[in-house]
Q: 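Please see the structure below; I have some questions.
Nothing here was measured: the structure is a model prediction, and the numbers come from that model. Below, all heavy atoms of this structure are taken into account, side chains as well, without hydrogens, waters or symmetry copies. Just follow the structure's listing: the first ligand is 1, and inside any ligand the first atom is 1. For reference, positions follow the sequence shown, starting with 1.
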Amino acid sequence: MKTEKTDLQEMIEWLASFTDPEEKNGVTRLVYTESWSRALKALQEWMRQLGFDVTTDSVGNLFGRIQGETDEVILTGSHLDSVRQGGKYDGSYGIISSILAVSELAALKGKPHKTMEVVIFCEEEGSRFPYTYLGSSYVTGEYIEADLQEIKDPAGTSLIEAKEKAGFLNPLVPGGRSDVQRFVELHIEQGCLLEKQAQDIGIAAAVTGQKRFTVHVTGKADHAGTTPMTMRRDAMEGASAMIQKTLDIVRRLGDPAVATVGQIEASPNSVNVIPGYVSFSIDIRHPEKKVLETVCETIEEAMRATARFYRLSISSECFMSVDPVAMDGGMISEIEHLCKDRGQNYRIMYSGAGHDAQVMGRSIPSALLFVPSKDGISHDPMEFTDPLHLESGLALLKDILYSWAYCPQKER
Ligand SMILES: [Zn+2]
């Protein structure tokens, strides 16, 4: 193994230089595009120079392996793709930290007891194809090949065509990996909790569950001037009361419950016509499945009562439902011990955003760690994390990997 120390911040800047030149701001690295392929090849080359055994799988995940005395794998990494005009740290921080942590450990401590592996997931964001977590769901074998065959990007290129064009010609193999014993992902928080509380590490207890609905409210379109207020069946009046009740219910429930109404449409959408029809979206998230289900039922009842009050009809459909995923309790308490040993100011928290660790965590004991994001900004060129926080996350990751791969008998 090479032993020279490589600067974390410098390597994050280097990875950010692999971006679609047609996008003016930030980092744009959509899966299987030119900028993505160049980044993957450059990482492959860098990892080879550092002494990793480098391989790719059929979907385009990149692995760097340091063989241990046993074949049980301690896996760490994050995703290479980005949103359009995203930041430098989302995904990239986890990739660079994992490579540095594993290579520095191997250089300093020699052959590990358990095998250490870095994974660079090909895709997580769903920013090119309407499919998220492609990389991690391939590693766990959770992906659905039939879905992938049909998926196309906005230009009409299918995911399979794009994958093959990027050089991954082998067919997808079902089953996933069974040799991974533990997975840990280091990521920026993408929220402002750690910064507000002046804490440097967040340990995720769970990745939040999420349900999305479309609500259809139907009343009667009428003349805005000649219909008295008492005779109206105004779909907008009902919808606005429903939205207010939804947000009130979730606000009363308190943290970490959140609800968002981000889309609304009215028909006929005319300034002088009482809307006869309104539809709106609701996105509700909570890290406990039972609570998430109960709050959705409460909202549904409140909306039905509101519809009756305003003499409207209502229907709703749930178009997305993702269960919360708990991170591994034993791993969390081991990481807490390491944070205490290091004197790191940490908190146990929930992840309100989705991550590869939630896919991995459904079948492999997993942990997810956060460092603060300045002003909570993410998926934006302004995304920033203080270099001291970046370093403190990397140092913790190194201690975690050392404890799991080099001294497994000391597992607490
Ligand atoms: Zn991410």
Side-chain angles (χ1 to χ4, degrees), residues 8 11-13 15-16 18-20 23 26-33 35-36 39-40 43 59-62 75-99 101 118-140 183-195 201-204 206-208 210 285 322 325 327 349-362 366-385 389-390 393-394 397:
L8 171 60
M11 295 314 288
I12 290 173
E13 295 291 337
L15 189 50
F18 296 92
T19 177
D20 182 344
E23 299 283 349
V27 176
T28 303
R29 200 164 49 227
L30 308 191
V31 66
Y32 305 140
T33 59
S35 56
W36 178 92
L40 195 81
L43 285 166
V59 82
N61 291 320
L62 173 61
L75 188 68
T76 179
S78 195
H79 60 96
L80 181 61
D81 69 321
S82 76
V83 295
R84 267 181 207 284
Q85 305 201 355
K88 293 174 187 169
Y89 301 87
D90 182 2
S92 299
Y93 172 52
I95 289 175
I96 301 292
S97 299
S98 298
I99 294 172
V118 171
V119 57
I120 291 154
F121 293 117
C122 60
E123 199 283 337
E124 185 258 5
E125 300 281 6
S127 47
R128 177 171 179 188
F129 297 96
Y131 195 94
T132 48
Y133 312 113
L134 176 63
S136 45
S137 65
Y138 189 71
V139 170
T140 61
F183 172 70
V184 56
E185 179 174 14
L186 179 58
H187 203 281
I188 53 164
E189 183 194 354
Q190 304 179 290
C192 56
L193 213 58
L194 292 173
E195 186 184 55
I201 296 289
I203 307 171
V207 179
T208 201
Q210 195 178 144
R285 305 184 192 205
V322 179
V325 179
M327 296 292 101
M349 58 189 287
Y350 293 107
S351 174
H355 291 287
D356 289 308
Q358 94 194 55
V359 175
M360 299 296 282
R362 284 199 277 260
S366 295
L368 173 60
L369 306 173
F370 296 123
V371 293
S373 293
K374 182 158 188 334
D375 299 325
I377 296 170
S378 185
H379 285 183
D380 185 281
M382 294 292 286
E383 193 176 84
F384 180 76
T385 296
H389 287 136
L390 295 174
L394 168 59
L397 180 64

Q: Please work out the angle at the Zn ion (ligand 1) defined by atom NE2 of H79 on one side and atom NE2 of H187 on the other, rounded to 10°.
A: 120°
Q: So does E124 have any N/O/S atom less than 2.8 Å away from the Zn ion (ligand 1)?
A: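 Not a single backbone or side-chain N, O or S atom of E124 is under 2.8 Å from the Zn ion (ligand 1).
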Q: Which N, O or S atom name in D90 marks its closest approach to the Zn ion (ligand 1)?
A: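 Sorting the N, O and S atoms of D90 by distance to the Zn ion (ligand 1) puts OD1 first.
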Q: May I ask you to check if any N/O/S atom from H355 comes under 2.8 Å of the Zn ion (ligand 1)?
A: no
Q: Pairing donors with acceptors under 3.5 angstrom, does anything connect the side chains of D20 and T28?
A: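 No, T28 and D20 have no side-chain donor paired with an acceptor closer than 3.5 Å.
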Q: With a 4.0 Å cut-off on N to O distance, would you call E13 and K88 a salt bridge?
A: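 The answer is yes: the pair qualifies as a salt bridge.
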Q: Assess the side chains of E185 and S78: does a donor N or O sit below 3.5 Å from an acceptor N or O?
A: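 Checked: E185/S78 side chains pair up, N/O donor to acceptor below 3.5 Å.
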Q: Is a donor from one side chain sitting under 3.5 angstrom from an acceptor on the other, for S378 and E383?
A: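 On atom types as modelled, these side chains qualify, holding a pair under 3.5 Å.
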